[in-house]
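Note that these values count all heavy atoms, side chains included, but never hydrogens, waters or copies made by symmetry. Whatever order the structure lists them in is the order used to number ligands and atoms, beginning at 1. As the structure is a computational prediction, the values presented were derived from the model and not from experiment. We count residues from 1, following the sequence as given.
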Amino acid sequence: MRIPWWQTAVVYQIYPRSFADSDGDGVGDLAGVTARLDHLAWLGVDALWLSPIFRSPMADFGYDVSDYTDVDPVFGSLEDLDHLVAEAHARGIRVVLDWVPNHTSDQHPWFDASRSSREDPKRDWYVWRDGGGPDRPPNEWAAAFVEPARWTRDPATGELRRQPDATGGTDHTGTAWTWDEGTEQWYLHLFLPEQPDLDWSNPEVEAAMHDVLRFWLDRGIDGFRADVVHMIGKDVGEGLETMPQSDIGKGEAVHALLRRIRTLLDGYEGDRMMVGEVFLLDPAEMATFYGTRDELHLSFNFAPLFTRWRADRWRRRIEESERFVPPEVGWPTWVLSNHDTVRHADRYGSEARARAAAVLLLTLRGTPFLYAGEELGLFDAEVPVDRIVDPGGRDGCRAPIPWTRSSDHGWGPEPWLPFPPAPAEHSLEARRDDPRSILHLYRRLLAARRASPALHRGDVVLLDTPEGVLAYDRVAGDDVRRVVVNFTGEQVAVPDLLAGWWVEVDSGLDGERPAGSALGPDEALVLTRE
Ligand code: ISL
């Protein structure tokens, strides 16, 4: 059976503001990305996902789009993007753009028209309601980012933990409605007031958004990451005001919308792909967004982002992924870090754990998504209060990538955010010079994965293990690999799991691994048969 590229690929997420700066203005740009493509080719990734590069007033750093078919000048021009795509393709690397369908910027011409009068033809492109007049919003729904997410470090384990909240993702403390003085109605915004929600039950909205997809597909883009795509099917009819906010994403409407998007993408040559950001932490619900292989090609499984460094918890994540995304449903995804969450090295509290986690990410059954900088073992930057610029307080994981040891680390004099801790030591330059670095571990893992059908497309078989250890085999016909991960800070003897196997990749530092039949603290191994 022919396997589409996105099933065997490793996707690398670039947050363009923070990746590489070609013009010294302190903000990364497309020419900066193009100049670093050789690094990505050397590393061995198959696709890039660029966080939004469209025109935007940047209230949410690009997730508030004011023109979906042009590049924001801070990142360059359409020509710069065409050039980046051509150069990426020349290296065998595909390019995925970040499409933001749930909301636009309040500066988008569609919203300008919509808010101009109740009679405007675009009034119904957004969600307007009377509520109880200017003092009473239509319902209790809350907007994201009113308070930044809170994380606390567990003194016993060194891990960071996110404070649980009712929605499973975002701290909601302010209303999701803003009163418009001019037309005396409320408009809905599940995120900032600068991000009004579109009404996807309006066929004109759907058609306009399909045009956006076609614009980029015609230009040779390989796929899209669809921002909070589970939210586009809100029941915006009469029921909206009484619907609990936690029901957003659970209705039927979104599935019909996704099937039509799938048909549009599949009508193009070259396996164009959509990966949906389905921010529903219940894997059973998340999995419904694959439809019957007729909705999203891939759907982010975010439960691992909030999973502690414990063998039993990770085993459960794998079991859930296998149960809810079996082959007849679709192909799973794995992700440890992104631009919204504290980096996993920081969450787990050590580089040793980050290295072992990389082994998991790159050997589990599913498409892995790397977040730029994790291959350098970056921790979040400590951002002083007066330099926090993100309304969600997610600045730390968006720190600029340190490319060189030199004092500017390859950036202009003043990057938009401070660097991560110990930038010289974590820089690409330093990491490349050290064959034992986490960077070389990522490269070895990517190479091993590419070379082994078992690793990039085989079945996964969980094995019995002592407490604190996770082990599984990956199997594709005759090709077999075994992965064994020690989640404890102690050496653990696992003679039965290791007998008859050779070490192909070791997350630990070469030569420091206990010989023979034991795993070192927080060590992970990829094994091949003797
Ligand atoms: O950022 C979060 C927690 O701090 C998440 O809850 C986030 O709101 C959720 O993952 C949705 O994120 C996406 O849409 C947002 C945007 O700000 C995020 O950057 C994007 O990934 C609104 O477009």
[X]: numbered ligand 1 atoms lying under 4.0 Å from its heavy atoms:
X: Val228; result: 11 (C), 14 (O)
X: Asp60; result: 15 (C), 16 (C), 17 (O), 22 (C), 23 (O)
X: His103; result: 22 (C), 23 (O)
X: Arg394; result: 1 (O), 4 (O), 16 (C), 17 (O), 18 (C), 19 (O)

If you measure only the distance, is there a donor-acceptor pair under 3.5 Å linking the side chains of [X] and [Y]?
X: Trp331; Y: Thr367; result: yes
X: Asn301; Y: Thr333; result: no
X: Tyr63; Y: His339; result: yes

> Closest heavy-atom contact between Asp211 and Arg214?
Replying inline: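 That would be OD1-NH1, 2.9 Å.
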- Tell me, with the steps shown, if Tyr371 and Trp49 meet ring pair (Phe, Tyr, Trp, His ring centres under 6.0 Å). CA-CA 9 Å; Tyr371 179 48; Trp49 144 33; 8.2 Å; no
Considering only heavy atoms, does [X] approach ligand 1 within less than 4.0 Å through its side chain, its backbone, both, or neither?
X: Phe302; result: neither
X: Asp340; result: both
X: Arg398; result: side chain
X: His189; result: neither

Which class fits the ring pair Phe111 and Trp128: parallel under 30°, tilted 30 to 60°, perpendicular over 60°?
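Because their plane-to-plane angle is under 30°, the rings of Phe111 and Trp128 count as parallel.
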